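Encoded as structure tokens, the structure appears first; notes follow it.
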There are 2 protein chains.
Amino acid sequence: MAAPPPKPRSVSIREVAALAGVSLGSASRVINQVPGVSDNTRERVMKAITELGYRPNHAAQALRGRRSRTIGCMLTDVANPLYARLFRAVESRFREAGYVVLLANSLNNPQWEIDILEMFHSRGMDGVLIAPGNERHAQVLAAVQALEMPAVILDRDIACEHDRVQFEHAQGMQHAVSYLLGLGHRDIGLVIAPAHNRPMRRRLEGFQAAFRAAGLPAPKDFIVHLPGAMSPAFDAVSELLQRPRRPTALLTMGTSVLNDTLNAIHRQRLRIPQDISLVSIGDPDFARSYTPPLSALRVDLDTVASQSARLLLDRIEGRQGVAEPRRVKVDVEFIVRQSCAPASGAA
Amino acid sequence: MAAPPPKPRSVSIREVAALAGVSLGSASRVINQVPGVSDNTRERVMKAITELGYRPNHAAQALRGRRSRTIGCMLTDVANPLYARLFRAVESRFREAGYVVLLANSLNNPQWEIDILEMFHSRGMDGVLIAPGNERHAQVLAAVQALEMPAVILDRDIACEHDRVQFEHAQGMQHAVSYLLGLGHRDIGLVIAPAHNRPMRRRLEGFQAAFRAAGLPAPKDFIVHLPGAMSPAFDAVSELLQRPRRPTALLTMGTSVLNDTLNAIHRQRLRIPQDISLVSIGDPDFARSYTPPLSALRVDLDTVASQSARLLLDRIEGRQGVAEPRRVKVDVEFIVRQSCAPASGAA
DNA sequence: GTGAAAGCGCTAACAG
DNA sequence: CTGTTAGCGCTTTCAC
């Protein structure tokens with residue numbers, strides 16, 4: 001570890017005050033728009049500021065004011081388009097409020113999740129917005145619970161005293177499956193990632209609830225848990241489609257799994273929706289532009305972002321006191337496009 | 001703008017020193033692993049640290065040391081998978097070196113780009129890694145040139161005194177096109193985004209260079225500039241494919257444009273590669289898993305990340321002095337898969 | 001309305 | 001080897 005030579009000092013509020021011929025305090029008052037400064041003083045300070053190209057030193061402000069105007073955001077992976085868009089939305093909400101968002105990818109590694117939370121602490125984040133990948137890891141759990149700043153937990157089931165934003169996966173899924181049942185489908189397949197986390201659990205619940213509500217047994221054999229998050233789904237789906245009795249409708253994760261699924265479907269020379277109906281869990285760009293456009297489950301990320309921001313800012317700016325942890329539910333909408341048709345044998 | 005009440009003060013190095021029964025200076029030495037501390041002292045301080053749960057205050061360190069151990073990263077949009085992966089790689093390189101990366105999306109908005117650079121300044125970034133969307137915008141340009149910290153410009157042509165990492169788009173493209181020419185293709189289409197920026201310019205150069213090298217005229221009519229970055233390419237590609245004389249090979253941006261292109265191709269009932277050869281510019285996940293796997297132009301983002309990190313860290317840690325701006329070129333590889341076949345009329 | 005001064009938490013220089 | 005001390009740049013009392 002080399003000894004990084006410090007940067008040259010840049011212009012400080014002292015020099016501004018000096019050039020303006022006022023005291024340090026007055027300069028500060030002008031900069032912070034504190035009322036009760038004479039026009040004369042203000043003008044001279046402003047002039048000095050532009051003349052010197054003065055910029056407030058953030059570290060000094062943070063040290064003195066004990067707040068960094070920075071929000072920590074821990075996600076498993078921005079390369080997941082869902083998270084990328086979420087981050088964009090979150091960043092823009094907070095920017096409006098004068099905060100900067102520090103993004104950290106945990107890549108699902110428990111130790112990194114702990115390290116990142118630690119880093120959020122020592123860097124004095126004013127608040128954090130996190131979706132830990134390890135919901136059940138004792139130490140991650142402890143680190144989350146020990147968070148000393150306002151926090152919002154994003155779509156995870158973690159026992160702690162923080163605010164939460166949760167997606168209504170179960171309802172959304174139930175809606176989609178009921179729709180398929182209504183089209184006469186009974187052999188409905190579900191292809192999901194292996195992660196044992198809140199979203200997956202809830203989706204499964206919704207899937208089963210839909211059958212239960214229709215007085216039908218859920219087709220257990222058609223639920224495919226992929227072996228790994230990044231595992232190619234092509235083989236698994238192909239196998240599913242080649243069974244003597246194959247599903248007539250499929251719900252699959254709208255990630256790379258969806259691509260694999262489409263490939264597998266085409267390979268079997270099945271047509272969407274005539275031969276098989278398809279619903280994407282998640283709504284990637286191309287679901288809309290695909291031929292045919294794919295029906296999908298979607299959560300509105302702008303809503304998620306603004307709700308999360310509201311929860312966090314309420315606390316940060318003292319609007320919420322030490323009130324109870326709050327829970328905000330965000331709908332999972334089912335977008336009907338053209339990838340589902342009545343079950344052939346059932347019309 | 002409410003007046004955010006400051007957070008409660010957390011434990012400081014003073015309290016650590018007090019509990020350990022040593023001076024503030026000794027505590028600091030232990031924390032910073034400065035050699036020349038007795039084992040006794042070290043142990044007592046360490047004990048006090050864990051006992052109190054002490055964490056160094058980053059703002060104070062940054063203020064005092066005039067470095068933030070933070071790298072600013074400005075990209076147009078993390079929702080672009082290329083940038084998402086790049087960020088991941090960059091983040092991980094810098095994390096190893098003890099730095100945190102602050103990501104900001106400019107969404108191509110010139111004013112935001114200026115604001116972000118300004119923010120990087122006042123927050124005392126130790127270095128920045130930027131790919132401004134607006135290469136030709138006077139004020140953005142000025143802001144980039146005025147950057148007062150070590151900077152790496154990512155794949156942009158901007159006249160300034162900063163280090164650069166540039167992708168060899170021209171060579172990569174020339175390679176791919178030569179390959180197609182070698183397969184007997186003459187009517188080669190190119191579908192690219194409208195952005196007038198370095199990557200696009202270089203690709204176009206490479207495209208033309210390949211024809212020139214083969215002693216052939218570049219087919220100007222087959223170059224499609226999409227109207228907007230997000231514009232659906234479906235119609236444009238369909239039009240291309242329906243011409244009396246249609247391209248027998250196509251190179252298209254490996255973004256949503258690729259999906260649209262594939263849709264258009266299928267809609268015309270053309271088969272890949274028998275009826276039309278296809279090359280993706282950029283290598284999204286599904287290019288590999290598609291049926292057939294798609295040949296693609298790819299840049300190794302780990303290389304980009306580590307080169308960028310090296311350039312930046314060299315300067316930050318004073319290894320490079322005030323030397324000339326450096327330029328690092330990164331290959332654009334052409335990955336041959338199975339989406340290209342000999343031109344039918346030419347075998 | 002303005003100035004002087006204290007101190008946020010830390011590191012590094014200096015004296016012992 | 002250890003303690004003391006002087007600020008880093010800023011905001012915010014408290015006097016005037």
Side-chain angles (χ1 to χ4, degrees), chain A residues 1 3-46 48-49 52-69 121-124 126, chain B residues 1 3-46 48-49 52-69 121-124 126:
Chain A
M1 185 90 58
K7 307 193 249 305
R9 351 178 348 179
S10 58
V11 336
S12 84
I13 196 173
R14 276 202 141 68
E15 305 168 53
V16 171
L19 177 60
V22 301
S23 78
L24 200 167
S26 293
S28 172
R29 280 184 276 261
V30 172
I31 291 161
N32 295 298
Q33 320 210 36
V34 177
V37 181
S38 72
D39 287 355
N40 183 352
T41 302
R42 186 188 340 282
E43 276 163 31
R44 304 174 55 171
V45 173
M46 295 300 260
I49 287 176
L52 294 172
Y54 167 77
R55 272 188 284 261
N57 177 318
H58 179 259
Q61 290 180 316
L63 175 56
R64 174 64 228 237
R66 238 176 273 119
R67 55 211 166 69
S68 60
R69 295 206 160 277
H121 259 129
S122 71
R123 293 204 169 217
D126 292 342
Chain B
M1 186 89 61
K7 305 193 249 304
R9 348 177 352 179
S10 58
V11 338
S12 84
I13 196 174
R14 278 201 142 70
E15 305 169 53
V16 171
L19 178 60
V22 301
S23 77
L24 197 167
S26 294
S28 172
R29 281 184 276 260
V30 173
I31 291 162
N32 295 298
Q33 319 210 38
V34 178
V37 181
S38 74
D39 288 356
N40 184 348
T41 301
R42 185 186 343 280
E43 277 163 32
R44 302 174 55 171
V45 172
M46 295 301 261
I49 287 176
L52 295 172
Y54 168 77
R55 273 187 284 260
N57 177 318
H58 179 259
Q61 288 180 317
L63 174 56
R64 175 63 227 237
R66 238 176 273 117
R67 58 213 164 66
S68 60
R69 295 206 159 279
H121 259 129
S122 71
R123 292 202 169 218
D126 291 342

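The structure displayed is predicted, hence computed values, not measured ones. Order of the sequence lines sets the chain letters (A, B, ...), proteins ahead of strands, with each chain counted from 1.
The side chain of B/Asn57 lies closest to C/dC10 when the candidates are C/dT2, D/dC1, C/dC10. With C/dG3, D/dC10, C/dC10 as the choices, the nucleotide that has an atom nearest any side-chain atom of B/Pro56 turns out to be C/dC10. With distances taken from any side-chain atom of A/Ser38 to the nucleotides D/dC8, D/dG3, C/dT2, the minimum falls on C/dT2. The side chain of A/Ser23 approaches C/dG3 more closely than any other nucleotide in the set D/dC10, D/dT4, C/dG3. Across D/dG9, C/dG3, C/dC10, the shortest atom-to-atom separation from the side chain of A/Val22 is found for C/dG3. Distance from the side chain of A/Leu63 is smallest for C/dG9 among the nucleotides D/dC10, C/dA4, C/dG9. Here the side chain of A/Thr41 is nearest to one of D/dT2, C/dT2, C/dC8, namely C/dT2.
Of the inter-residue distances, the one linking A/Leu63 atom CG with B/Gln61 atom CD reads 11.0 Å to the nearest 0.5 angstrom.
Residues B/Thr41 and B/Arg44 are not in side-chain contact: their nearest non-hydrogen atoms beyond the backbone lie 4.5 Å or more apart. Contact check for A/Ser28 versus A/Ile13: side-chain heavy atoms found under the 4.5 Å cut-off.
For D/dG3, the base has a donor-acceptor partner in the side chain of B/Arg29 [N/O atoms by modelled type, under 3.5 angstrom].
For A/Leu24 and C/dA6, the CG to P distance is 14 Å, given to the nearest whole Å. Regarding A/Glu43, its CD atom lies at a distance of 15 Å from the P atom of C/dG1, rounded to whole Å. One interatomic measurement links the two molecules: CZ of B/Arg55 to C1' of C/dC10, which rounds to 17 Å at whole-angstrom precision. Note: CD1 (A/Ile13) to P (D/dC10) measures 5 Å, nearest angstrom. Whole-Å rounding puts the B/Arg14 CZ to D/dG3 C1' distance at 13 Å. Distance OH (B/Tyr54) to C1' (C/dG9): 7 Å, rounded to an integer number of Å. Rounding to whole angstrom units, CZ of residue A/Arg44 and P of C/dG1 are separated by 16 Å. Rounded to an integer number of Å, the gap from B/Glu15 CD to C/dC10 C1' is 13 Å.
At the heavy-atom level, A/Arg9 lies under 4.0 Å from the strands shown only through sugar-phosphate atoms. Using a 4.0 Å heavy-atom cutoff across all strands shown, A/Ile31 reaches no nucleic acid atom at all. Note on A/Val34: nothing from the nucleic acid sits closer than 4.0 angstrom, heavy atoms only.
For D/dC8, neither phosphate oxygen OP1 nor OP2 lies less than 4.0 angstrom from any side-chain nitrogen or oxygen of A/Ser12. Contact annotation: B/Ser26 reaches the phosphate of D/dG3 (side-chain N/O to OP1 or OP2, under 4.0 Å).
Minimum heavy-atom separation, A/Arg69 to A/Asp126: N-OD2, 2.6 Å. The heavy-atom pair separating B/Ala27 from B/Ala17 by the smallest distance is CB-CB, 4.0 Å. Residues A/Ala59 and B/Ala62 approach most closely at CB-CB, 3.9 Å, considering heavy atoms.
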